[in-house]
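Quick note on labels: first sequence line is chain A, next is B, and so on, each numbered from 1. Source: prediction; values computed, not measured.
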Amino acid sequence: MKEVEAKENLRFKIRHSAAHVMAEAVLNLFPGTKVGIGPPTNDGFYYDFDCSEAFTAEHLKKIEKEMKRIIKSQKKFSGVSVSRKIAREKFKDQKYKLEIIDGIPEEEEITIWNHETWEDICRGGHVESTNQIPAFKLLDVAGAYWRGNEKNPMLQRIYGTAWESKDALKSYLSKLEEAAKRDHRKLGTSLELFYFDPMAPSMPFFYPKGAKLLNLLMDYMRQKYQYYEYQEVMTPQIFDSKLWDLSGHSEHFKENMFFTETENRTMGLKPMNCPAHYLIFRSQLHSYRDLPVRLADFGRLHRNERSGVSHGLTRVKSFSQDDAHIFCRFDQIEDEIKAFLSLLEEIYQDFGFEEPLYHLSLRPKERSGTDQVWDESEKIMKKILDNSNKKYLVQEGEGAFYGPKIDVMIPDAIGREWQLGTVQLDFFAAKKFKLNYFSNESQKQEPIVIHRAIFGSLERFLGILIEHYGGAFPFWLSPTQYILIPISENQFSYCDKVNKELSKFGLRGNVDKTSDRLNAKIRKAQLNKTPLMIICGDKEVDSDSLTIRFRDGENVSNIKTNALNILNNDPIKIKDDETLLKLLKP
RNA sequence: GCCUCGGUAGCUCAAUGGCAGAGCAGCUGAUUUGUAAUCAGCAGGUUGUGGGUUCAACUCCCUCCCGGGGCUCCA
């Protein structure tokens with residue numbers, strides 16, 4: 001652990017130093033540029049510049065060259081502590097730096113770090129000399145508001161990466177390449193899963209294979225719902241805007257909603273399911289014996305995101321969720337959250353995700369509900385996480401105004417973190433929507449509402465899965481599980497017969513009857529990452545058997561068609577190709 | 001929304017002011033093949049949209065649309 005920390009610390013210093021060197025290089029090449037901030041990041045560093053010229057890829061090359069010159073000249077880093085007055089004097093031409101100086105509390109010391117030819121207000125954390133920046137590369141330039149506030153001027157942010165060795169840099173760059181290859185937007189096109197059309201911007205159209213995947217995800221979730229006693233409901237798409245006034249969406253979410261007028265009424269497209277579920281709950285009487293009530297909904301949601309934030313499937317304007325709301329008594333919270341977390345971990349395991357990291361968000365400054373309710377519920381959530389030995393971080397003040405929440409972070413196959421599941425307590429909904437149940441003394445009581453999701457948005461989850469699997473879905477999720485490949489026309493009818501039998505077993509696939517040669521058919525199936533290529537020539541027809549090529553290139557012969565029936569016994573168990581091979585290899 | 005880069009055939013990409021092209025995919029024909037591309041022919045375009053400059057615009061200028069990168073990991 002210590003070693004890891006030391007390494008991270010060194011990387012931090014290298015990156016922070018590289019940011020300073022980059023700032024000097026930019027000022028040398030573009031005199032008069034105003035500088036913003038330049039921190040190290042998880043993978044590299046950036047620095048913000050206010051320069052009249054727009055930086056291009058050519059400029060980045062020049063800046064890199066200048067940085068290399070500075071690095072070679074072995075400038076020593078050192079820091080001094082200075083008075084406010086001196087600091088202001090030194091940076092009198094740097095308006096952003098002056099703002100930073102003025103923002104530093106009186107009692108705090110101001111330190112300036114320099115590497116001889118350049119100085120910066122800086123807390124420190126640098127290597128000793130510029131030549132201790134062994135490997136770096138500038139990656140990209142992008143716009144960034146000063147201090148992230150869109151009322152402030154837009155600066156140009158140059159992103160770079162820096163590492164302790166050339167090899168480390170190289171492996172980072174190849175990781176980026178690997179990620180680019182797995183980009184779900186690319187694979188979405190080449191695997192024919194979905195596309196976007198300007199006629200409905202940022203709203204995905206799913207081709208049959210993409211729709212199959214979404215349906216498989218829903219089928220899977222419905223099975224879990226059955227076991228975990230959720231009840232699926234279906235609710236309308238548009239609601240009278242009075243509902244959104246009541247829910248508070250009109251006040252807080254209006255910019256993100258679509259509205260339509262009809263017969264002098266304003267109707268709003270739902271951006272969330274919760275209010276609809278409250279209406280359902282409210283429409284019937286509930287006894288304390290009936291609780292918890294768990295309402296699940298795959299309804300389509302629309303959110304009018306600001307243009308410029310959409311990204312493939314991971315940020316869209318039209319999507320559905322594995323959304324559910326649990327209405328329960330206060331004393332049921334603990335069991336409900338426990339059950340939810342166990343369901344969630346069970347599900348992530350089925351998709352081959354590693355252990356999640358939990359973020360526990362506690363009471364924010366502005367909140368509803370009494371302190372007593374917050375005390376107790378936060379205690380419950382902590383207890384659950386502690387008792388089950390889960391890895392978690394506490395985020396003070398990050399909870400929703402209506403209750404504390406747990407968000408779930410998941411690392412994918414190439415180590416990137418995604419926020420997927422969430423579970424949020426809500427002490428507010430019942431009051432607002434007049435939800436109640438009858439207690440054992442026949443008194444009206446307000447239920448606690450628990451908002452929860454595991455996939456989050458199905459579209460986004462699919463995007464993450466595409467990248468997680470690199471497009472090679474496990475057998476149970478593959479839209480096309482097999483391709484029957486007749487070697488010549490002579491085996492067409494045999495293939496048709498086998499195809500019918502396999503589809504009786506519930507397997508998905510088809511016969512490749514093109515006039516391509518075997519090689520080409522295999523190549524096509526491989527590029528589509530089809531799990532099973534079932535090859536039929538005269539040999540197979542004569543022995544009434546099949547030869548199966550797996551997508552890793554492995555072959556198994558003399559398989560009877562009936563043997564494939566076991567693939568549909570418990571398909572979710574077939575999480576990887578190894579399991580698949582073992583099942584079919586005699 | 002804002003900054004910036006981009007948009008050429010279904011896909012991947014050429015052509016930088018002077019006749020819009022290639023590979024793959026598609027179609028037609030031939031071939032019937034044993035583990036990652038058979039051969040030949042044909043067809044495919046209002047160069048995102050609308051306007052402007054020019055003898056001439058994919059190319060230069062403006063408008064809009066769509067997409068990519070990003071918009072505190074806080075000196």
Before accepting this row, confirm whether a basic side-chain N of the pair A:K405/A:D407 lies closer than 4.0 Å to the acidic partner's carboxylate O.
yes
Whole Å only: how far is the [atom1] atom of [X] from the [atom2] atom of [N]?
X: A:F205; N: B:C66; atom1: CZ; atom2: C1'; value: 13 Å
X: A:K524; N: B:C24; atom1: NZ; atom2: P; value: 15 Å
X: A:F492; N: B:U33; atom1: CZ; atom2: P; value: 12 Å
X: A:M154; N: B:G70; atom1: CE; atom2: C1'; value: 9 Å
X: A:I112; N: B:A75; atom1: CD1; atom2: P; value: 15 Å
X: A:N149; N: B:C3; atom1: CG; atom2: C1'; value: 15 Å
X: A:R157; N: B:G69; atom1: CZ; atom2: P; value: 16 Å
X: A:I485; N: B:A36; atom1: CD1; atom2: P; value: 11 Å

Where the side chain of [X] is concerned, which of [options] is the nearest nucleotide?
X: A:N519; options: B:A36, B:C71, B:C66; value: B:A36
X: A:R517; options: B:U33, B:G70, B:C65; value: B:U33
X: A:T189; options: B:C11, B:A75, B:C73; value: B:C11
X: A:S515; options: B:U38, B:C73, B:G70; value: B:U38
X: A:N490; options: B:U32, B:A75, B:G68; value: B:U32
X: A:N42; options: B:C73, B:A75, B:U35; value: B:C73
X: A:Y159; options: B:A36, B:G70, B:A75; value: B:G70
X: A:Y145; options: B:U38, B:U4, B:C71; value: B:C71
X: A:S310; options: B:C73, B:U38, B:G68; value: B:G68
X: A:I100; options: B:A75, B:U32, B:C66; value: B:A75

Given side chains that start at C-beta, do those of [X] and [Y] come closer than 4.5 Å, heavy atoms only?
X: A:L584; Y: A:I548; answer: yes
X: A:Y494; Y: A:L484; answer: no
X: A:I37; Y: A:Y47; answer: no

Between [M] and [N] - [atom1] atom distance, rounded Å:
N: B:C71; M: B:A56; atom1: P; value: 46 Å
N: B:G10; M: B:C27; atom1: C1'; value: 14 Å
N: B:C13; M: B:G45; atom1: C1'; value: 15 Å
N: B:C73; M: B:U46; atom1: P; value: 45 Å
N: B:G67; M: B:U49; atom1: C1'; value: 15 Å
N: B:U31; M: B:U35; atom1: P; value: 22 Å
N: B:G41; M: B:C5; atom1: P; value: 44 Å

For A:D140 and A:D43, take the nucleotide of RNA chain B holding the closest heavy atom to each; which residue's nucleotide lies nearer the 5' end?
A:D140
Starting from the 5' end of RNA chain B, give me the residue, A:G36 or A:Y46, whose nearest nucleotide shows up first.
A:Y46
Touch class at under 4.0 angstrom, heavy-atom based, for [X] against every strand present:
X: A:E108; answer: base
X: A:L527; answer: base
X: A:E109; answer: base
X: A:A144; answer: sugar-phosphate
X: A:G312; answer: sugar-phosphate
X: A:I110; answer: base

For [N], which nucleotide is its Watson-Crick or G-U wobble mate, given both distances must be under 3.5 Å?
N: B:U35; value: none
N: B:C55; value: B:G18
N: B:C27; value: B:G41
N: B:C64; value: B:G48
N: B:C2; value: B:G70

Per the under-4.0 Å heavy-atom filter, residues of residues 532-544 of chain A near RNA chain B come out as A:I535, A:G537, A:D538, A:K539, A:E540
Please determine if a side-chain N or O atom of [X] lies less than 4.0 Å away from the OP1 or OP2 oxygen of [N].
X: A:R185; N: B:G67; value: no
X: A:R147; N: B:C74; value: no
X: A:H16; N: B:A75; value: no
X: A:S202; N: B:G67; value: yes

Which label fits [X] and [Y]: parallel for a plane angle under 30°, tilted from 30 to 60°, or perpendicular past 60°?
X: A:F55; Y: A:F49; result: perpendicular
X: A:H115; Y: A:H20; result: tilted
X: A:H249; Y: A:W244; result: perpendicular

Does the gap between the ring centers of A:W146 and A:Y96 come in under 6.0 Å?
yes
Between A:Y172 and A:W163, does the ring centre distance come in under 6.0 Å?
yes
A:E128, CD: over 12 other non-hydrogen atoms inside 6.0 angstrom:
no
Please walk me through it: do A:R15 and A:D43 pass salt bridge (Lys or Arg N to Asp or Glu O under 4.0 Å)?
CA-CA 9 Å; A:R15 288 164 188 168; A:D43 297 313; 5.7 Å; no
